[in-house]
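Before any comments, here is the structure.
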There are 2 protein chains.
Amino acid sequence: MNQDQPGAVGVAPVTLDDVATHAGVSRQTVSNVLNAPHRVREGTRERVEAAIARLGYQPNRAARALRAQASRMIGYRIEPVHEESLASIHDRFLHALADAGREADHHLLLFTADDPAGELAACARLFRTGGVDGFVLYGIDHGDARPAALLKVGAPFAVFGRTDSDSGHCWADVDNVAGVADAVDHLIERGHRRVGFVGWPEGSGVGDRRAEGWRAALEEHGLLADCQRLDAQTHDTIAAGAAAGAKLLDLSDPPTAIVTVTDTLAVGVMRAAQGRGRVIGEDLAVVGFDDTPTARVLGLSSVRQPIEEVGRVIVEMLLARLPGVPHQPQTAAGPEGRLLRPSLVARGSSAAPYPSSST
Amino acid sequence: MNQDQPGAVGVAPVTLDDVATHAGVSRQTVSNVLNAPHRVREGTRERVEAAIARLGYQPNRAARALRAQASRMIGYRIEPVHEESLASIHDRFLHALADAGREADHHLLLFTADDPAGELAACARLFRTGGVDGFVLYGIDHGDARPAALLKVGAPFAVFGRTDSDSGHCWADVDNVAGVADAVDHLIERGHRRVGFVGWPEGSGVGDRRAEGWRAALEEHGLLADCQRLDAQTHDTIAAGAAAGAKLLDLSDPPTAIVTVTDTLAVGVMRAAQGRGRVIGEDLAVVGFDDTPTARVLGLSSVRQPIEEVGRVIVEMLLARLPGVPHQPQTAAGPEGRLLRPSLVARGSSAAPYPSSST
DNA sequence: GGGTGAAATTTTATCGTTCAAATCGCTTGA
DNA sequence: TCAAGCGATTTGAACGATAAAATTTCACCC
């Protein structure tokens, strides 16, 4: 009558015991109906299920977590928004993760950290206090210390991306080589023969693989020699992209198309080109990477990562490795890694066929 | 020796009992050191704290949640990414929320839902199963059914935005009126006398308040009569913004500056203007709302919401209302609502002073 | 010195579930 | 007929913490 919450209806929480009483069985039988139905005779099971439905029972997460030593939570560090870049990939990824866990009643626990060390400390703490069963790591690359550290703590995890030695943990990644190669193919198909590339400084796995995609596709078409000097490396800002674009466009024999390692750099390249009076999509074709909202706005062709699928796959792999909750009695635990193919979204910036310079 | 995790170091989890033994006190005393230090004598407290530090003890979340009936989790529904709009506000907001809870050891639990009904079901379930202590609701507006539904369930919550009747729950909102008014002031200061507005159809609280800001600022400067017909309403896509912009620009006496209710619409307006040969920032000033990454890229002036602060304030208010964990022994529970002032980020799109048409 | 009351600490019970072992009921085969 | 065996169900204990009640310790005063 006199609840603490003013407008609260105050439904008394229904427990296993309540269900057991109503169904005329013991607590444990109700538990079995939920967690190991095969152990329960059909008639009993139906009776219990009826009681569960009638009372609207739902197991208490804390109690379950305490006893089963499994919180059904997946930890994820959300990074500070990097103001300079255009990434919205992140939003999509988060949603995919949260959605992927839903069916198995696993939820995402978000946390923040100030730096890599802080992140590891937070992970260790969350894991040891039973706050989460495992982690998803985003944007991993060569030399990342996190996988080793988490292995040491004993926390299960799955990563988006690859390090130089992907052993002992599962990963999913986008096929960056294929993504950029597709972009190059697309441009060559439209008649371009001089295709440039603006990438990151060597050393990042992601950047190197994207550059590799450019090189491989050119080689495939026998154009690598023509494009030898048509690449530039710089860091990921619009201004840097503009500078790199300027450099390429001011060559004596400039590229007629440029692929970039990110949309951010592509925007810079477009700026540089427009500053030189070129019309994007006619005088110069540009293809970016990530398919950000900005790309859409600017009509920039871009390689779109199948983030939703990555999220799904990652959670799937992670859950399969969690001890205790063998949702799918798979053979062992599925493959260690999965490589997913991105897709090119062609827009105006690479629209018009280019009058081949060799004809 | 024979752990299940191959590389796991397998640190045996430290419990309250371990600490108690090492410190030579009872379990409850250790608990008190953590939750009610004033009840423990200084000498004892120091001894216990030393033991805690030595053993690296950290309380188990599940056990604590079960006993204290408080999970220290805040629920948040992450919505599917709306491909058409440019919002990145969301990312910032999420980060702010996660960060705000950190100090009080509260974490964010992310979940998804297919529709409003599904969201409410998920909320009710999460709350009743003890998965979360309360919720943060995003993007609330007139006629939103969620507050009433949550009140009925008895779940504490705080919202970003306002409904028509904000009673019984706490809210934080951005002062939309002031935000747009600032934009208009800024334009008038630069010499503009005919300032248009592209907004949403009437009926949304947010949209109406932004329109109100436009009207109020004009009135303040005695310019409302001149700008009577300079507004348009449409839904939030770039194409629609372009159409609305075209409509205003094709008037016999068109505006020299246009404020829009979102960056998305501003981008549309810019397109329409450029399609008519106008140079943005010289022939036509444009100011958007949200300060999206795209705005930065395009040099679009925009009203920036203090999302980080909103997140902080919301979590603060929510935590203050949670029963059981009186972190701050405040008077009652702080104010019911807070209105935060956005700030204008001026860029090229509204840069040049306009030769006043009345001179 | 002993009574008093407040402060410090311990004891006991409990949160809601699942695990492990024990029990019950029924079929089967010698 | 009874032991063995197996599946279904129940019992008892435990997960790791906190609330509430009970107890001890201690300072203080007459």
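Residue B/I52 contributes atom CD1, which lies 10 Å from atom P of D/dA17 at whole-angstrom precision. Taking atom CD of B/E42 as the reference point, atom P of C/dT9 lies 12 Å away to the nearest angstrom. The separation between B/N32 atom CG and D/dA19 atom C1' is 10 Å, rounded to whole Å. Rounded to whole Å, the distance from CZ on A/R45 to C1' on D/dT9 is 16 Å. When the P atom of D/dA8 is taken as reference, atom NE2 of A/H38 falls 9 Å away, rounded to whole Å. Between A/L34 atom CG and C/dT17 atom P there is a gap of 9 Å when expressed in whole angstrom units. Atom-to-atom, CG of B/D18 to C1' of D/dG16 comes out at 11 Å; the value is rounded to the nearest Å.
By the 30° and 60° cut-offs, the orientation of the rings of A/Y76 relative to A/Y138 is perpendicular. Using a 30° and 60° split on the angle between ring planes, B/F111 and A/H107 fall in the perpendicular class, above 60°.
At distances below 3.5 Å, not a single donor-acceptor pair connects side-chain atoms of B/R128 with backbone N or O atoms of B/V153.
Using a 4.0 Å cut-off, no side-chain N or O of A/T44 falls inside it from OP1 or OP2 of D/dA8. Listed pair B/R39 / C/dA7 fails the phosphate criterion, with no side-chain N or O lying under 4.0 Å from OP1 or OP2.
Around CZ of B/R39, the count of heavy atoms belonging to other residues, nucleotides or ligands within 6.0 Å does not exceed 12.
Side-chain atoms of A/S71 and B/R61, non-hydrogen and from C-beta on, never get closer than 4.5 Å to each other.
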Exercise for review: Summarise how protein sits on nucleotides 11-16 of chain C as a single string, 5' to 3': B when a protein heavy atom is under 4.0 Å from the base, S for sugar-phosphate-only contact, - for no contact.
Suggested key: BBBBBB
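Listed by chain and residue number, A/T29 satisfy the side-chain hydrogen bond (donor to acceptor under 3.5 Å, both in side chains) test with A/S26 (two or more places apart in sequence, or in another chain).
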